[in-house]
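Here's the structure we're looking at; comments come further down.
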Amino acid sequence: MAQPIALIVENHTPRRDEIARTLTMAGYAPLFASTLSAPELSARHCPALVLFVVTLAEPVEELACLAHLHTTLYGARFLFLASASSETLAIAALHSGAERYVKEPWTAAMLALAVKELVMPGTNQVQACCGLRQGDRFVGRSPATQQLRAQLARISPTDSSVLITGETGTGKDVIAEMVHVNSKRAKKPFICINTAALPDTLVENELFGHDRGAFTGAVTEQDGKLAAADGGTLFLDEIGDVSLPVQAKLLRAIENKTIYRVGGTRSVKFDVRIVAATNQDLDRAVGEGRFRSDLYYRLNVIRMRLPPLRERPEDIPLLVNHYLRQFNKEMGRSVRALSPRAVETLCAYHWPGNVRELRNAIEALLVNLAPETTGIVDIPPEVLRQLAFAVGAPASERERLLQALTATSWNKSKAASALHWSRMTLYRKMREHKVDLRRERV
């Protein structure tokens, strides 16, 4: 296995050899860079450790470079070595993303200890920073992502029910699993059921199980998901699509912590934590009578909203690098990074399918590359065609709306399809942005 890269950002430090030896002994492959070359080298090599060696009292360029790398490298740790130290510089370095600050006089042993304490073997580094013990698979460093991690760290150890809301493709299943693995139930089962994928009769059977002879083909007794998750966590995905009769039975089971199998007369006790997810507006569904208010209140003890990707565009380069590493490993490729132009194109797109759509685009990118392709590459034409609105995409939602209407000769059905919206969403957005067909077309 190749050694992890340690990127050393320095401008003419006299202790370069000493730093290189120390990092090599710590298990890293040292790579030196200036503040000018660091962004390109970090994109190409995805370092696990970034070490800034600063000799100036006011290192403006170094702090700017640190802040930039901190927002573009997912999973890297940041160490700051200062020769001309001051309290002001220490605060600025920590605010820019440094996790450890070491000042003169420092020795090779002190540097080795700082690296060892910063990068603890056998732990997920990002999890240690955000307070999560394990399972941090929600990639990003945007303010929205950091707030979500902080909320996860607070609520995971509790035993309260969690309702996760967000658009399709935002990663609700990932968050549900993170809640489980960072809870006191982590060593017990994590059971998932997609309630939208099953008709009512099968939902009941999946949730509660059945007794022998309950229906044709039921030749043996079978536990349901609630019993299978006993002691652990049950994840109810797409809970907003469950019918009212099943909602009533589910509520009764959750409140009593008791179920009856289909066709059975004997009660079965269980102890589970419920985590539910939906892309629907359950408040509206309750008001319209499509979702039981008592079940809603039972599930909505803790509310977590997952932001769509368009609300955290600064996370896109990190997600791109994350999926490149994942698919490189799965496909045996060695594509280290996309070109800056390619990343800019991906960041300009509004990603209606969110993280799932981005993941599929990166997978398509690697599938279409030759096996021997390495280094920085551009997005293939096949993927660019999928991102039809990415090139020159307007910044505001109103501009995207007008662009779509104009491109489709003001055909509302085609414009809604181009924007990946429903017609009702298109009409609502037109009202919100005061887009009047007659006035705008003049």
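Starting from 1, each residue takes its place in the sequence as its number.
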- Are R16 and F32 in a cation-pi contact, defined as NZ or CZ under 6.0 Å from the six-membered ring centre and within 45° of the axis? yes
To check you understand the geometry: which heavy-atom pair defines the closest contact between [X] and [Y], and what is its length?
X    : Y    : answer
A253 : F270 : O-CZ, 3.3 Å
A98  : F80  : CB-CB, 3.9 Å
A76  : P47  : CB-O, 3.5 Å

Any donor-acceptor pair under 3.5 Å from [X] side chain to [Y] backbone:
X    : Y    : value
S156 : A153 : no
T425 : W421 : no
H180 : K188 : yes
S37  : A33  : no
R273 : S160 : yes
E104 : W106 : yes
T195 : D237 : yes

- Task: Step by step, work out the side chain to side chain contact (heavy atoms under 4.5 Å, CB included) result for L51 and L23.
- Result: CA-CA 10 Å; L51 172 63; L23 292 176; 4.1 Å; yes
- Please test E167 against R305 for salt bridge (Lys or Arg N to Asp or Glu O under 4.0 Å), starting from the C-alpha separation and ending with a verdict. CA-CA 9 Å; E167 297 178 6; R305 175 187 176 270; over 6 Å; no
- Note: K269-D230 ion pair, threshold 4.0 Å (strictly below):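 D230 and K269: not salt-bridged.
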- Query: Is the shortest side-chain N to carboxylate O distance from R303 to D283 below 4.0 Å?
  - Reply: yes
How long is the straight-line distance from [atom2] of [Y] back to [atom1] of [X], given to the nearest 0.5 Å?
X    : Y    : atom1 : atom2 : answer
L250 : L234 : CG    : CG    : 8.0 Å
L49  : I8   : CG    : CD1   : 8.0 Å
D294 : L251 : CG    : CG    : 4.5 Å
N354 : L358 : CG    : CG    : 10.0 Å
Y323 : N328 : OH    : CG    : 14.5 Å
T233 : I274 : OG1   : CD1   : 8.5 Å

- Which class fits the ring pair F190 and F235: parallel under 30°, tilted 30 to 60°, perpendicular over 60°?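 Ring orientation of F190 relative to F235: parallel.
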Might you confirm whether atom [atom1] of [X] has over 12 heavy atoms from other residues, nucleotides or ligands at distances under 6.0 Å?
X    : atom1 : value
R423 : CZ    : yes
M25  : CE    : no
K429 : NZ    : yes

- Item | With T35 via side-chain hydrogen bond (donor to acceptor under 3.5 Å, both in side chains) - residues at least two apart |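 Result, side-chain hydrogen bond (donor to acceptor under 3.5 Å, both in side chains) vs T35: E61.
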- Task: Using the salt bridge (Lys or Arg N to Asp or Glu O under 4.0 Å) rule, collect all pairs that involve residues 18-28, keeping only residues at least two apart or in two chains.
- Result: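 Applying salt bridge (Lys or Arg N to Asp or Glu O under 4.0 Å) to every pair that reaches into residues 18-28, excluding sequence neighbours, yields R15-E18.
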- Item | Pair N279-T168, side-chain hydrogen bond (donor to acceptor under 3.5 Å, both in side chains): steps then yes or no | CA-CA 6 Å; N279 59 10; T168 299; 2.8 Å; yes
- L319 and side-chain contact (heavy atoms from CB on, under 4.5 Å): which partner among L309, I362, L346? L309
- Carefully, step by step, assess L152 and M304 under the rule side chain to side chain contact (heavy atoms under 4.5 Å, CB included). CA-CA 9 Å; L152 272 167; M304 299 189 71; 3.7 Å; yes
- Query: Hey, mind stepping through S142 and D315 against side-chain hydrogen bond (donor to acceptor under 3.5 Å, both in side chains) and telling me if it holds?
  - Reply: CA-CA 6 Å; S142 66; D315 287 343; 2.8 Å; yes
- Show your working on side chain to side chain contact (heavy atoms under 4.5 Å, CB included) between L282 and L163 and close with a plain yes or no. CA-CA 10 Å; L282 285 192; L163 178 62; 4.0 Å; yes
- Please assess Q247 against I239 for the test side chain to side chain contact (heavy atoms under 4.5 Å, CB included), listing each intermediate value before the final yes or no. CA-CA 9 Å; Q247 290 177 34; I239 190 66; over 6 Å; no
